[in-house]
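As the structure is a computational prediction, the values presented were derived from the model and not from experiment. Chain A is the first sequence line, chain B the second, and so forth, proteins listed ahead of strands; every chain is numbered from 1.
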Amino acid sequence: MTVAPERLQASFPNAHHGVSADGIPYVLVRPENIAETARAARDELGYVRWVDLTAVDEPDVEPRFELQYLLYSMAERRWLRLKTQTDDKVPSVTGVFPGANWYEREVFDLFGVEFEGHPDLTRIMMPDDWQGHPLRRDYPIGGEAVDFTVTREILGTGGGNELRG
Amino acid sequence: MVLETHRIRNTLHINMGPQHPSTHGVLRVELELDGEVVVSCKPIIGYLHTGIEKTFETMGYLQGLTLTDRMDYLNPMGNNLAYCLSIEKLFECEIPERAIVGRVLLAELTRINSHLVFVGTAGLDLGASSVFLYCLREREKLQDLFEWLSGQRMMTSHIRPGGLASDFEPEWLTACDAFLDEMPKRIDEYESLLTNNPLFKERMIGIGVLSAEDAIAYGVTGPMLRACGVAQDLRKTNPYLGYETYDFDAIVADGGDCYARYKVRVAELRETVKIAKQALKRLPGGPVKTSNRKVMPPPREELGTSMEAVIHHFKLFTEGIRPPAGEAYVPIESPRGELGFYIVSDGSGKPVRVHERAPTFANVQALPLMAEGGLVADLIAVIASIDPVMGEVDR
Amino acid sequence: MADYSGLFIYICLAAAIVAVIVAISGSLSPSRPSEAKSRPYECGVSEMESTQHRWPVRFALVAMLFLIFDVETLFFYPWAVLVRELRWTGILGIASFFAVLGVGYMYARARGALKWR
Amino acid sequence: MTMELPVTSPSRGGHVRDGGPGFGLSKLADWSREKSLWPATFGLACCAIEMMAASAANYDIARFGSEVFRASPRQADLMIVSGRVSQKMAPVLREIYDQMPEPKWVIAMGDCASCGGVFNNYALIQGVDKIVPVDVYIPGCPPRPESLIDGILKLKTEIGKGLR
């Protein structure tokens with residue numbers, strides 16, 4: 001199921017290419033030209049259907065967030081993944097794919113990645129006055145410690161609340 | 001009392017809020033109305049955000065399986081299947097034939113389960129409350145089958161990484177066969193109630209039209225996309241679990257309106273019964289669990305004899321399954337569209353990232369395209385035709 | 001004075017029943033007005049803005065049309081109760097009544113009063 | 001985020017027995033309140049599907065007087081919180097509870113409503129009794145329709161005796 005990388009390499013010469021474990025080829029581009037890459041993928045290569053956008057947070061790697069854009073070509077029935085690595089700012093692709101609107105708002109809400117040029121970049125999941133971005137690795141899981149008798153005896157009355165952060 | 005004069009605006013700004021009988025869960029829609037006509041409609045979600053993707057990262061892969069049941073709670077085994085396919089792709093592990101056909105059978109039964117709720121609630125939203133009772137009557141039979149198989153009516157977690165949780169009993173298969181024999185007659189019953197009902201057609205035909213280009217650009221998938229005339233069914237375009245060997249046809253309707261979506265889903269109910277019957281017929285013998293000891297624990301009797309089995313058993317139940325480092329996204333065709341789990345693993349027992357590509361997240365995003373310009377009553381029909389499940393939209 | 005006592009008893013009985021019901025429910029149901037209860041119910045979200053502003057005249061038109069045709073059905077009841085005794089004269093009378101209002105309905109429908117747009 | 005609970009003690013569930021005019025009328029009132037508990041549709045997540053199954057033909061809570069699910073809190077006297085209550089939903093739930101006329105009762109259906117259930121994280125209110133007084137907690141994820149009916153019946157017997 002892997003697309004011939006040469007065809008991809010031809011259209012994105014200065015990008016880093018590869019194929020993930022699930023056979024979907026990916027193109028790693030710098031954040032500033034993600035919009036052009038998306039437009040090229042849609043217009044030249046035929047990846048017209050918007051599928052997904054999400055981010056993976058690796059706190060100890062220098063560009064912290066790796067954004068995964070997923071597109072699908074109706075003609076060739078194949079997926080393509082565009083990746084960018086950034087710390088905070090990425091240009092928005094809602095101009096190319098209007099479907100990216102809510103996905104970018106979700107990544108902004110849960111990871112804190114700014115999308116320049118997004119029509120209405122506000123929180124979508126959390127209440128509007130929420131502090132912090134929950135899906136970051138350094139954000140505590142929250143909730144409250146379950147008050148088992150065991151945790152109460154070992155950790156004193158706190159019941160392990162400090163574990164929860 | 002000084003009558004304070006305020007800006008004269010002729011649009012009414014009201015809120016069809018999270019607690020509303022026909023928003024199929026906790027979807028909130030901010031409406032700008034000019035009389036009965038919807039001028040602008042802004043869906044607001046997040047009222048059921050459960051932080052499931054964060055909870056995945058604190059759990060092992062097998063524990064995370066139980067979370068997948070609770071995301072799209074009308075299609076639990078479909079979620080399990082998508083999650084397991086991504087994990088198995090990371091492991092590159094072989095699944096026995098009986099488990100593959102069993103998974104097709106269970107996925108199609110869950111599709112019936114989900115579409116029955118759609119037909120019931122679509123009728124209920126438009127005032128036809130008797131269809132709801134008919135549909136849930138069949139659904140109860142289906143849930144009894146699920147409970148007999150896995151012990152739980154809804155949150156079955158029966159499809160596990162590496163195969164199925166347990167084998168099918170012969171009596172269960174015959175009961176399932178009887179249920180599938182009876183379904184076509186039942187579907188005729190529902191169709192006789194709704195499909196040619198003039199009131200239903202008046203409320204659904206030409207309402208909430210979505211063009212194919214908009215649907216593709218907005219990432220809409222599933223019956224909503226097929227109702228716009230686009231033949232995009234992952235079971236046909238990118239077959240998994242051997243779907244190419246089953247004889248069924250992907251239903252495509254044109255018109256892109258609410259009625260086309262209803263027709264696609266009802267026709268899909270019939271196709272699903274056909275697939276399930278074929279899966280039942282061709283269910284081969286053999287084990288339902290993979291022999292790959294990194295994924296599934298060895299059978300009990302083997303523990304007595306081979307030391308290696310005991311080591312595998314011990315490692316599996318202390319550290320859980322540890323897929324090799326990498327990322328995988330293997331989508332399936334859920335009753336609502338393309339559903340897939342993007343799993344990033346670093347080789348440890350806990351995933352780095354599990355993101356669910358929820359079909360109704362994109363489908364609900366396209367609501368303004370369909371609702372604006374229509375009447376308020378049409379907005380109810382459009383939301384019913386999207387068939388959103390807020391559990392997977394808000395995650 | 002024809003025998004109106006029956007009607008008189010009927011009216012008193014009706015008034016008595018209403019009074020009893022109102023009295024019992026008034027005394028038994030605890031009434032605890034609160035600030036939240038006075039706010040308009042808008043699906044759980046606090047009210048977006050004041051509702052005193054202009055609304056389209058079409059609503060009034062639909063209300064009037066409903067009033068006319070609903071009251072019309074009211075007039076069928078006395079006729080329906082005595083349909084056998086009135087025989088043809090009754091049917092003729094109600095038919096003419098229905099014809100006049102039918103013309104009115106056709107006119108309203110032709111002018112598009114029932115269509116919202 | 002915990003809000004201050006209302007003055008009525010949770011065991012009363014917001015229904016303050018003000019005695020009424022004696023001679024058994026309040027006993028009559030309790031009896032009538034028990035017989036027709038109208039739930040407010042508060043379906044949030046998976047438990048709502050089981051609540052729908054409970055109100056459908058096979059389990060049919062209409063037999064116990066809960067036939068009609070009132071959409072507006074004004075006409076409801078029982079709030080069945082069926083599903084997980086997120087942080088964004090908590091003020092809405094509190095607003096709906098406040099807008100329900102007394103006497104009113106709350107059933108926390110399922111683990112997520114009773115104690116946050118399997119989702120012990122930042123996003124959920126860990127148990128709906130942090131924002132509204134709860135009368136009956138129903139365990140289960142989701143609870144079977146029979147356990148929902150059992151919960152409603154237990155609440156009804158308490159209301160009938162005037163304890164709640």
Side-chain angles (χ1 to χ4, degrees), chain B residues 15 17-26 28 44-59 63-64 66-67 69-74 76 113-114 117 120-121 124 129-130 132-141 143-144 147 152-155 389-392 394-395, chain D residues 40-60 62 68-73 76 79 81-97 99-100 110-112 116-125 140-147:
Chain B
N15 162 53
Q19 195 259 349
H20 190 277
S22 70
T23 50
H24 286 248
V26 281
R28 175 181 165 201
I44 297 173
I45 59 169
Y47 284 92
L48 197 62
H49 177 60
T50 327
I52 292 183
E53 291 181 0
K54 180 89 177 175
T55 316
F56 269 116
E57 288 159 17
T58 63
M59 286 179 169
Q63 294 166 320
T66 55
L67 293 178
D69 288 301
R70 285 146 181 90
M71 290 176 123
D72 178 355
Y73 36 80
L74 286 182
N113 178 357
S114 169
V117 173
T121 46
L124 198 63
S129 55
S130 50
F132 177 75
L133 299 174
Y134 282 67
C135 290
L136 286 192
R137 175 190 62 193
E138 262 63 62
R139 192 163 175 272
E140 283 304 319
K141 297 194 188 88
Q143 285 192 310
D144 292 347
E147 184 177 17
Q152 242 279 15
R153 285 160 57 90
M154 283 173 66
M155 308 297 173
V389 173
M390 298 313 289
E392 73 169 0
D394 293 347
R395 284 183 297 280
Chain D
T41 41
F42 214 87
L44 297 165
C46 350
C47 290
I49 310 294
E50 281 297 74
M51 191 164 71
M52 269 168 25
S55 62
N58 286 49
Y59 293 98
D60 199 1
V68 65
F69 272 75
R70 302 310 299 168
S72 115
M79 174 199 270
V81 181
S82 56
R84 40 202 192 229
V85 182
S86 70
Q87 302 281 358
K88 210 172 178 179
M89 194 65 186
V92 173
L93 189 133
R94 179 67 210 195
E95 173 99 356
I96 299 279
Y97 177 77
Q99 288 184 340
M100 282 164 71
D111 295 348
C112 294
V118 70
F119 306 111
N120 190 356
N121 56 26
Y122 62 92
L124 288 196
I125 300 282
C141 183
R144 292 181 58 89
E146 286 99 338
S147 31

Enquirer: Side chains of Asn58(D) and Gln143(B), heavy atoms from C-beta outward: is any pair under 4.5 Å?
Expert: no
Enquirer: Hey, could you give me the CD1/CZ distance between Ile49(D) and Arg139(B), rounded to the nearest 0.5 Å?
Expert: 6.5 Å
Enquirer: Find the one option among Ser72(D), Gly83(D), Ala45(D) whose heavy-atom pairs under 4.5 Å with chain B are most numerous.
Expert: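 Among the listed options, the one with the most contacts to chain B is Ala45(D).
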Enquirer: Mind checking the CD-CZ spacing from Glu147(B) to Arg144(D)? Nearest 0.5 Å is all I need.
Expert: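 These two atoms lie 4.0 Å from each other.
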Enquirer: Testing Leu44(D), Thr41(D), Leu93(D) for side chain to side chain contact (heavy atoms under 4.5 Å, CB included) with Gln19(B), which one passes?
Expert: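 It is Thr41(D); the other options fail the test.
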Enquirer: What part of Val117(B) is in contact with chain D, defined as an atom under 4.5 angstrom from a non-hydrogen atom: side chain, backbone, both or neither?
Expert: side chain
Enquirer: For the candidates Pro76(B), Gly46(B), Gly120(B), Gly25(B), which exhibits the highest count of non-hydrogen atom pairs separated by less than 4.5 Å from chain D?
Expert: Gly46(B)
Enquirer: Select, from Pro18(B), Cys135(B), Ser22(B), the one with the greatest count of heavy-atom pairs under 4.5 Å involving chain D.
Expert: Pro18(B)
Enquirer: Output yes when a side-chain donor or acceptor of Gln152(B) lies under 3.5 Å from a complementary backbone atom of Cys141(D), and no otherwise.
Expert: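 Between the backbone of Cys141(D) and the side chain of Gln152(B) there is a qualifying donor-acceptor contact (under 3.5 Å).
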Enquirer: Using non-hydrogen atoms and a 4.5 Å limit, figure out which bit of Ala48(D) sits close to chain B: side chain, backbone, both or neither.
Expert: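 Looking at Ala48(D), nothing touches chain B.
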Enquirer: Heavy-atom distances under 4.5 Å only: say whether Phe132(B) touches chain D with side chain, backbone, both or neither.
Expert: side chain
Enquirer: Please rank Leu48(B), Leu136(B), Thr55(B) by heavy-atom pairs under 4.5 Å with chain D and give me the top one.
Expert: Leu48(B)
Enquirer: At a heavy-atom distance under 4.5 Å, which candidate from Thr50(B), Thr121(B), Leu133(B) has the highest pair count against chain D?
Expert: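 Highest number of pairs under 4.5 Å: Thr50(B).
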Enquirer: Could you pull out all residues at least two apart from Arg70(D) that satisfy salt bridge (Lys or Arg N to Asp or Glu O under 4.0 Å)?
Expert: none
Enquirer: Given heavy-atom pairs under 4.5 angstrom as the criterion, report whether the side chain, backbone, both or neither of Ile96(D) touches chain B.
Expert: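 Answer is side chain: those atoms of Ile96(D) sit under 4.5 Å from chain B.
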Enquirer: Listing request: all salt bridge (Lys or Arg N to Asp or Glu O under 4.0 Å) pairs with a residue in residues 43-55 of chain D, at least two apart in sequence or in separate chains.
Expert: Arg153(B)-Glu50(D)
Enquirer: So which of Met155(B), Gln63(B), Met390(B) has the largest heavy-atom pair count under 4.5 angstrom toward chain D?
Expert: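 Top option by heavy-atom pairs under 4.5 Å: Met155(B).
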Enquirer: Could you tell me the separation between the CG atom of Asn121(D) and the NZ atom of Lys54(B), rounded to the nearest 0.5 Å?
Expert: 9.5 Å
Enquirer: Less than 4.5 Å to any heavy atom of chain D: does that hold for the side chain of Ile45(B), its backbone, both, or neither?
Expert: backbone
Enquirer: Please rank Cys46(D), Ser55(D), Ala57(D), Pro73(D) by heavy-atom pairs under 4.5 Å with chain B and give me the top one.
Expert: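 Maximum pair count with chain B is reached by Cys46(D).
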Enquirer: Between NE2 of His49(B) and CZ of Phe119(D), what distance do you get to the nearest 0.5 Å?
Expert: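 Rounded to the nearest 0.5 Å, the NE2-CZ separation comes out at 11.0 Å.
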Enquirer: Given that the side chain runs from C-beta out, which part of Cys112(D) has a heavy atom under 4.5 Å from chain B: side chain, backbone, both or neither?
Expert: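 Nothing of Cys112(D), per the 4.5 Å heavy-atom cut-off to chain B.
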Enquirer: Apply side-chain contact (heavy atoms from CB on, under 4.5 Å) to the pair Met89(D) and Asp394(B), showing each step before the final yes or no.
Expert: CA-CA 12 Å; Met89(D) 194 65 186; Asp394(B) 293 347; over 6 Å; no
Enquirer: Is chain B contacted by the side chain of Tyr59(D), its backbone, both, or neither, given a heavy-atom distance below 4.5 Å?
Expert: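 The side chain, not the backbone.
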Enquirer: Is it the case that atom OH in Tyr134(B) sees more than 12 heavy atoms from other parts of the structure closer than 6.0 Å?
Expert: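 No, because the 6.0 Å sphere around OH of Tyr134(B) holds 12 heavy atoms or fewer from other groups.
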